[in-house]
Each structure stands twice: as C-alpha cells, then as structure tokens.
Amino acid sequence: MDAQAMNHQPRPDTCVCTGHTGPWLLSTRLWSFREQLVSDTSSESIGGIQGEMLDPSQGPQGAGSQAGTSPLILNYPTAMQFPAMPSPEKIVFTYDPDEFEKFVEEWVPALDSLYVRVERQGGAGDHGIDVAAFLTRQGLEGPWHNYQCKRYKGTLAWSTAAGEIRKMFAGVVTGQFIVPDQYTFVAPSIGPSLQQALQRPVSTRKAFVEALRESTDKVITDLGLRLRREAEELAAETSFEIFQTVNMKQMLEQHKTTDFWVKRFPPEFPPRPAVMEPPEEPEPREARYVQQLVQVYAERWPSDASSLPQIAQHPTAGPHLRHQREAFFSAESLRRFGEEAYPPGHFEAIVKDIYDAVIDVARDDHPTGWKRLQAVTSQAISAGLTQTVFAQHVRTLDRTGVCHHLAHEDELTWCEGEGT
C-alpha cells in the first residue's frame, strides 16, 4: 500500500464531509499525551517497548472528560482567533495626541505620592501645559510640575521642544502661572538633538536666549516689546536643569503600577518554563511514536537496528532516537505550558499549522520511511506559523516534536504499510 492510500484509509472519527482526520479532530485524541494510563487494558509490543492502550472514553481534560459530555471539537481556523498582540510600547506609538495625553495623565500620579492633584490641561490656549501636577493646593501659583506631551510620527527634536519652552516663558510673563519646578517632555521617542541639548543646560540656555532675541515666533512677537524683554530676562535667569525627558520603557514600568494599566494594555503571559527532559528509557506513554521510529530504523538497518537494545548501540539510530524523544518532550512541554498559561486552543493551533504544512509531503512517494521522516520534519522546521501570542514560544525542536505527537496519534506514519 502506498503512503497516499494509507493516509486515506477511513477511520471511525474521519470527517464525513472531507474524508480527512486532520487535527481539527485531533483534540479528541490528545488524551494519550496526558498520562492517563490504564493498567488493566491491552498492550502491544514492537521493538521491545510495551505500549498500554488507553480507554477511549477518556477525553481531553477540561473539555468533555466527564461522563455524558461531548469531547472538545475545535472549530478551526483556531489560530485566527488569537492575533499576535503588540507590545505596550508599540500600542503607545499608535495613540493620537489626545489619547497620548490621557495616557500621560494616568502615568503622572505614579511618579510622586506628594502630588495633591494632577490635571490635564492640553488644548488651545494651554500655554504649553498638557498635564500639570501640583505639589500644593496653590496650583499654578505654587510649586508644580509640567508634563508636556508630544506625539509625533517621528522623534521629538530640540527645535520643537524650544518652541514649547518659548510658549512657557510667554505664559509666565503674561501671568498665567509661575515657572514650574520641573518641566518634562513626554514623547514615545526622544530625538538626539533634544537629548544633547538637555545634557548641557548652561550652554543650551545661552543659545536659547540668543535665539529668543531674534525669534519671529508669533507667541513671542505678540507679547509686545516690554513683555518680550521680560521673557528674555526670565529665560536668562531660569535654570535649564528643570527641563528633562522621560524614557518610554521607564514610563511604562511606572504606569504598570497604576489601576489604568490593566484597562489599557493586554495581559502579559509568563515566560515559558524549562523544557521537560525525556527519561533514560522510553516509557509506555511513548509507545506509538517510538514504535514508528523503531520501524524506520529496522527498515533502514534490518540487521543492526530492529529493537531498542540494538538501536541504543547503533552509531546513527541511537543518537537519532534520543534527539527525536527530546523533540517529543519539548513539544509536550509546550503543550502543557499552553494549557496552564493561555486560553484553550493555542497548542492545537500550532499543531494545525504544522499538520497543514507537512501532510502533503508525508503523503508523497518516498523510497523509505527514513526519507519520509526526514522530509516531513524538515518541512515542519521551515513552516510558517500563524502569528499569535503563543507562537512566539515555539522553538525549532518543538516543530519536530509536534510531528511525533501527530505520529503518536497515527496522523502521520513513516513506513508504508504502517498505520490504520
């Protein structure tokens, strides 16, 4: 029987519409990965490993595993239900100026518990104040901090910041407020020209005052001669050390301490734990995929690698089997991590992507099971995965391991004439 005919043999759980058993039904048989070994059921042996067959009534845990309930049937394309989530930093970069000011207003209270009030004042006629944080109830007439929000497609440059500083001095001489104790430029990206200018506050102040005398900025020319001179004198007397910028990563870490964080950004998932190591010898729960590998080795080296003891001593088959078992347990680690840390369906979406990528290769003609195994795992390694929040955790070894998970369920078989 050739590989294509073998893979089209009808099975009890085959889709009646398409005739395929693909992993959209695979979840109903994932119970074999969950170590629900039943000691009083039948066993079969190939290559020296005993494989205990599981009770078919045991469905996937958490879905249809209780008596009287239906097993979980995944409604694919599941992967499309889990779009990759951008990082909080990328989300902030999408904000328009109004939304960015709201974000800054949420963040400012996390900076100083001494603020008695934080107010957003951005808009026409704000005199360069977007978010004001007051240290006393005197408001703008007492000590206060200004947070100037700038949301541009590019970086915030000194030329733009200088315009805001001119606006601030104009506001002070017209009696709108006193000079703030601290003036922070808040932007997703700070340009090098602004960073360098604020690193040299004395020389920057000198250059600013000289430029102010020649400025044609309407906010300055509208002051009139007397107030313009006052603005120049005020600028010359003000320490430019009050001007500073904030690092976006630091800003996000501080925003994370507020109640607004969970409303604004998607939940963060934990990092993937260490990969499970396979036991020294194959266990009954590994029976089916290991049996398939034994058949591959026996076909290629019939005299030297037809049983597990022989394979262990074989210079090629032995290391190969160890590596394939490491891959199986790596994928099993990924599956368990997905179950514990993510909503249902994420691991199954990975399985579906890899199955779709390799099944035609598996059904093609190959001279040996070894060649089919090599072709399928190579295809799995290079396969594109639907980008989801979970896909970022998939490693190269997991991809090979998923192939063995599929072989464990007879969704893939390596040698012709093998399988159901």
Side-chain angles (χ1 to χ4, degrees), residues 1-3 5-7 9 11-13 21 23 26 29-56 58 276 278-314 316-332 335 351 354-355 358-359 362-363 366-377 380 397 400-420:
M1 182 184 299
D2 63 21
M6 171 187 68
N7 282 284
Q9 289 296 306
R11 297 177 53 171
D13 54 0
T21 61
L26 179 59
R29 299 192 300 280
L30 282 178
W31 41 263
S32 63
F33 298 156
R34 304 175 189 261
E35 304 176 1
Q36 299 178 2
L37 298 178
V38 181
S39 59
D40 58 352
T41 54
S42 61
S43 299
E44 58 182 357
S45 174
I46 293 183
I49 181 171
Q50 293 292 325
E52 299 185 55
M53 306 305 292
L54 305 184
D55 183 352
Q58 297 295 316
M276 298 166 58
E280 188 67 25
E281 299 294 334
E283 295 183 344
R285 58 177 165 152
E286 302 177 70
R288 182 63 193 127
Y289 88 91
V290 171
Q291 288 165 356
Q292 287 217 53
L293 288 169
V294 170
Q295 289 167 343
V296 168
Y297 306 140
E299 181 186 58
R300 188 173 185 190
W301 301 287
S303 302
D304 304 320
S306 58
S307 67
L308 285 177
Q310 285 184 317
I311 292 167
Q313 301 301 318
H314 195 276
T316 302
H320 186 271
L321 176 60
R322 284 194 295 274
H323 187 66
Q324 304 314 298
R325 293 182 63 226
E326 289 171 359
F328 178 87
F329 278 90
S330 182
E332 176 64 4
R335 183 191 69 76
V351 173
I354 291 179
Y355 177 88
V358 306
I359 188 58
R363 289 172 176 166
H366 298 276
T368 63
W370 176 268
K371 290 292 186 181
R372 177 174 286 109
L373 171 62
Q374 297 295 91
V376 167
T377 53
L397 197 61
T400 299
V402 166
C403 292
H404 292 302
H405 277 230
L406 289 165
H408 198 71
E409 297 298 326
D410 287 328
E411 296 294 342
L412 294 175
T413 51
W414 311 128
C415 295
E416 291 188 358
E418 172 56 20
T420 339

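These figures come from a predicted structure and were not determined experimentally. Below, all heavy atoms of this structure are taken into account, side chains as well, without hydrogens, waters or symmetry copies.
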*Any idea how Trp370 and Tyr297 line up, ring-wise: parallel (<30°), tilted (30 to 60°), or perpendicular (>60°)?*
tilted

*Measure the shortest side-chain to side-chain distance between Leu308 and Val290 over non-hydrogen atoms and say whether it is less than 4.5 angstrom.*
yes

*Distance, nearest 0.5 Å, that separates OG1 of Thr400 from NE2 of His405*: 11.5 Å

*Using a 4.5 Å cut-off on heavy atoms from C-beta on, say whether the side chain of Cys403 contacts that of Tyr289.*
no

*Evaluate side chain to side chain contact (heavy atoms under 4.5 Å, CB included) for Gln292 paired with Asp410, printing each intermediate quantity in order.*
CA-CA 9 Å; Gln292 287 217 53; Asp410 287 328; 3.7 Å; yes

*Heavy-atom closest contact (Arg325 atom, Pro278 atom, distance)*: NH2-CB, 3.8 Å

_Non-hydrogen atoms of His408 and Ala287 that approach each other most closely_ = CE1-N, 3.9 Å

_Angle between ring planes, His404 versus Trp414, binned at 30° and 60°: parallel, tilted or perpendicular?_
perpendicular

*Go through Leu412 and Ile359 one step at a time and tell me if the side chain to side chain contact (heavy atoms under 4.5 Å, CB included) criterion holds.*
CA-CA 8 Å; Leu412 294 175; Ile359 188 58; 4.1 Å; yes

*What is the minimum heavy-atom distance between Leu373 and His320, and which atoms define it?*
CD2-CE1, 3.6 Å

*Please report the shortest heavy-atom distance between His366 and Glu416, naming the atom on each side.*
O-OE2, 3.9 Å

*Distance, nearest 0.5 Å, that separates CD of Glu299 from SG of Cys415*: 4.0 Å

